[in-house]
Protein chains: 2
Amino acid sequence: MKPETLPLFAGTKDAKLALLALLPRKAEYPRGARLLSAGEKCQSIGILLSGGADIVREDAGGDPVTVAHIGQGELFAESFACSGEPLTVSVVATLPSLVLWLSAERLLSGAEPQVTANALRLFARKNLYLTQRIEHLSRRTLEQKVLSYLRSVRRAAGTNTFCVPFDRQGLADFLGCDRSALSAVLSKLKRKGVIDYHKNSFRLL
Amino acid sequence: MKPETLPLFAGTKDAKLALLALLPRKAEYPRGARLLSAGEKCQSIGILLSGGADIVREDAGGDPVTVAHIGQGELFAESFACSGEPLTVSVVATLPSLVLWLSAERLLSGAEPQVTANALRLFARKNLYLTQRIEHLSRRTLEQKVLSYLRSVRRAAGTNTFCVPFDRQGLADFLGCDRSALSAVLSKLKRKGVIDYHKNSFRLL
DNA sequence: TCCGATTTGTTGTAATTACAACGGATTTTT
DNA sequence: AAAAATCCGTTGTAATTACAACAAATCGGA
């Protein structure tokens with residue numbers, strides 16, 4: 001994936017130049033490598049050019065929890081880098097990965113205005129995504145969580161039949177529940193005639 | 001609350017000027033008024049100068065749910081305004097309120113760089129806050145949710161004794177559970193000697 | 001201080017969910 | 001094609017939680 005084609009540089013006259021202003025560094029990591037560790041302060045925004053990684057919380061009291069997955073082209077650690085807070089999570093490569101590191105300081109001052117505006121938009125979008133997930137997670141019962149989620153996907157798709165970007169385990173993680181409990185709720189909803197589904201294709205009536 | 005003293009304008013040479021570049025409009029709302037309605041596209045970022053408001057989701061299938069409260073000095077609708085997405089929630093005044101509306105378009109291009117940088121930092125912080133809440137909400141049991149939350153407050157406070165900024169009902173809403181169930185879990189943890197508390201002052205051992 | 005209102009804890013019950021185990025289906029690898 | 005691995009739904013059980021109702025404690029005026 002070419003850095004200049006990233007959404008962050010959309011609309012710039014010279015993406016290459018805009019990129020250089022952010023002091024880019026590329027780094028390769030083997031599978032299993034730690035890109036960042038909890039407790040550090042990080043000055044750089046990460047962009048995963050290729051490969052895959054997990055954001056992991058290793059809590060003192062509890063066992064480690066995978067908070068999110070990072071796919072190709074996605075930003076990570078941007079909030080920590082831009083807010084100056086130390087990391088509360090670690091980032092671990094699940095595949096051999098190529099990472100582009102960009103200076104957060106430069107992004108905050110000294111970058112092309114178009115790039116900063118893009119960043120603001122990206123941050124806003126992520127906020128919306130997080131807020132939506134919170135709305136699903138806040139429902140009291142699993143059935144409500146599932147319906148809240150399916151309705152949000154339907155709204156985004158604009159059709160009653162749509163696909164979800166998860167397998168069952170992924171959806172269970174996203175909704176903060178057990179996979180088999182999710183399966184049970186889904187088939188109950190199917191029996192009740194509220195939804196229909198096959199694999200990750202759903203219909204909401 | 002004076003607009004020029006807002007964090008958004010911190011570090012500007014002339015806060016008044018920086019404010020004017022964002023085409024500010026002030027508006028007053030009586031208690032119960034809708035500041036924004038789901039489905040609209042909003043071009044403006046809201047800042048609550050005084051009063052109080054709730055962010056409410058009115059779902060087709062379910063009853064309305066209060067997603068968040070907005071207090072004095074807080075931003076709202078900023079993510080929708082900056083990303084261009086239509087609102088999925090409504091905003092309702094719970095008290096007579098004074099709102100400062102600022103042009104999102106201007107913030108994205110044409111604002112003082114310092115202001116844009118401040119916005120980026122604020123968005124980043126909100127991001128972290130939302131992510132943390134998701135981590136709590138994702139735990140499987142209420143006990144884990146509570147401990148996850150209390151540990152995060154302890155980490156922020158740096159001491160084993162600390163106060164939480166919620167009453168019980170507020171904490172229950174934040175953790176997505178029933179208030180009495182929360183009370184029950186808290187006293188179980190107290191009996192087990194894991195925590196101690198009185199009102200909203202907690203000690204985590 | 002007294003009263004009313006609000007907040008918080010407790011109890012009981014019904015419903016929900018986690019968890020583990022298993023079997024069938026599907027996919028991938030050899 | 002066979003074997004292995006993964007994914008998915010089902011079942012049973014124990015634990016958890018929602019929910020409603022109520023009692024105790026706390027708070028805020030009058």
Side-chain angles (χ1 to χ4, degrees), chain A residues 31 52 54 59 61-66 69 94-95 135-150 163-203, chain B residues 52 54 59 61-66 69 94-95 135-150 162-203:
Chain A
R31 185 184 152 143
D54 279 353
D59 224 340
D63 30 18
V65 182
T66 294
H69 305 281
T94 54
L95 298 170
E135 287 173 25
H136 310 320
L137 285 169
S138 298
R139 310 316 275 251
R140 294 294 164 80
T141 71
L142 186 43
E143 179 173 314
Q144 288 176 325
K145 289 179 192 180
V146 170
L147 288 175
S148 170
Y149 172 70
L150 290 179
C163 287
V164 304
F166 294 116
D167 61 11
R168 288 288 176 281
Q169 182 62 60
L171 185 54
D173 289 342
F174 185 79
L175 296 179
C177 69
D178 180 70
R179 181 194 57 78
S180 70
L182 172 61
S183 274
V185 166
L186 284 175
S187 39
K188 192 178 77 175
L189 286 172
K190 187 193 270 190
R191 268 200 312 279
K192 288 205 290 183
V194 181
I195 66 172
D196 196 11
Y197 62 91
H198 177 67
K199 291 217 15 151
N200 63 345
S201 162
F202 285 77
R203 193 156 56 96
Chain B
D54 279 352
D59 224 341
D63 30 18
V65 182
T66 294
H69 305 282
T94 53
L95 298 170
E135 286 174 26
H136 309 321
L137 285 169
S138 299
R139 309 317 275 250
R140 293 294 164 82
T141 72
L142 186 44
E143 179 174 315
Q144 287 177 327
K145 289 180 194 181
V146 169
L147 288 175
S148 171
Y149 172 69
L150 290 178
F162 48 83
C163 288
V164 303
F166 294 117
D167 60 10
R168 286 289 176 280
Q169 183 62 60
L171 185 53
D173 290 342
F174 186 79
L175 295 179
C177 68
D178 181 71
R179 181 195 57 76
S180 71
L182 173 61
S183 274
V185 166
L186 285 174
S187 39
K188 192 178 77 174
L189 286 171
K190 188 193 269 190
R191 267 200 312 280
K192 288 205 290 181
V194 181
I195 66 172
D196 197 11
Y197 62 92
H198 177 68
K199 292 217 12 151
N200 62 347
S201 162
F202 286 77
R203 194 155 57 95

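First the proteins, then the strands, lettered A, B, ... as listed; each starts at 1. These values consider heavy atoms only, across backbone and side chains, with no hydrogens, waters or symmetry-generated copies.
- The two atoms that bring B:P165 and B:Y149 nearest to each other are CD-OH, 3.4 Å, heavy atoms only.
- Taking a 6.0 Å sphere around CZ of A:R203, one finds it holds 12 or fewer heavy atoms contributed by other residues, nucleotides or ligands.
- Look at CG on A:L186: it is 7 Å from P on D:dG9, rounded to the nearest Å.
- Going from atom NZ of B:K192 over to atom C1' of D:dA15 covers 12 Å, rounded to whole Å.
- Taking every heavy atom of both residues into account, B:V185 and B:E143 meet most closely at CG1-CA, 3.8 Å.
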Contact pattern, 5' to 3', of nucleotides 19-28 of chain C - B, S or - by protein heavy atom under 4.0 Å: BB--------
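- Within the 3.5 Å criterion, the main-chain N or O of A:V164 finds a donor-acceptor partner in the side chain of A:N200.
- Checking each of A:L182, A:T141, A:L171 against A:V146 for a side chain to side chain contact (heavy atoms under 4.5 Å, CB included) leaves exactly one that passes, namely A:L182.
- When all heavy atoms are compared, the tightest approach of A:S183 to A:R168 is OG-CD, 4.2 Å.
- In this structure, the separation between CD on A:Q169 and CZ on A:R179 is 6.5 Å, given to the nearest 0.5 Å.
- Within residues 163-172 of chain B, no residue approaches DNA chain D, by heavy-atom distance under 4.0 Å.
- Put simply, NZ on A:K188 is 8 Å from C1' on C:dT16, counting in whole angstrom units.
- Between A:R31 and A:T94, the closest heavy-atom pair is CG-O, 3.4 Å.
- D:dA18 atom C1' lies 15 Å from atom CG of B:L175, rounded to whole Å.
- Atom OH in B:Y197 sits about 17 Å away from atom P in C:dT7, given to the nearest Å.
- Atom CG of B:N200 is separated from atom C1' of C:dT6 by 15 Å (rounded to the nearest Å).
- Of all nucleotides listed (D:dT10, D:dA18, D:dT16), D:dT10 comes nearest to the side chain of A:S187.
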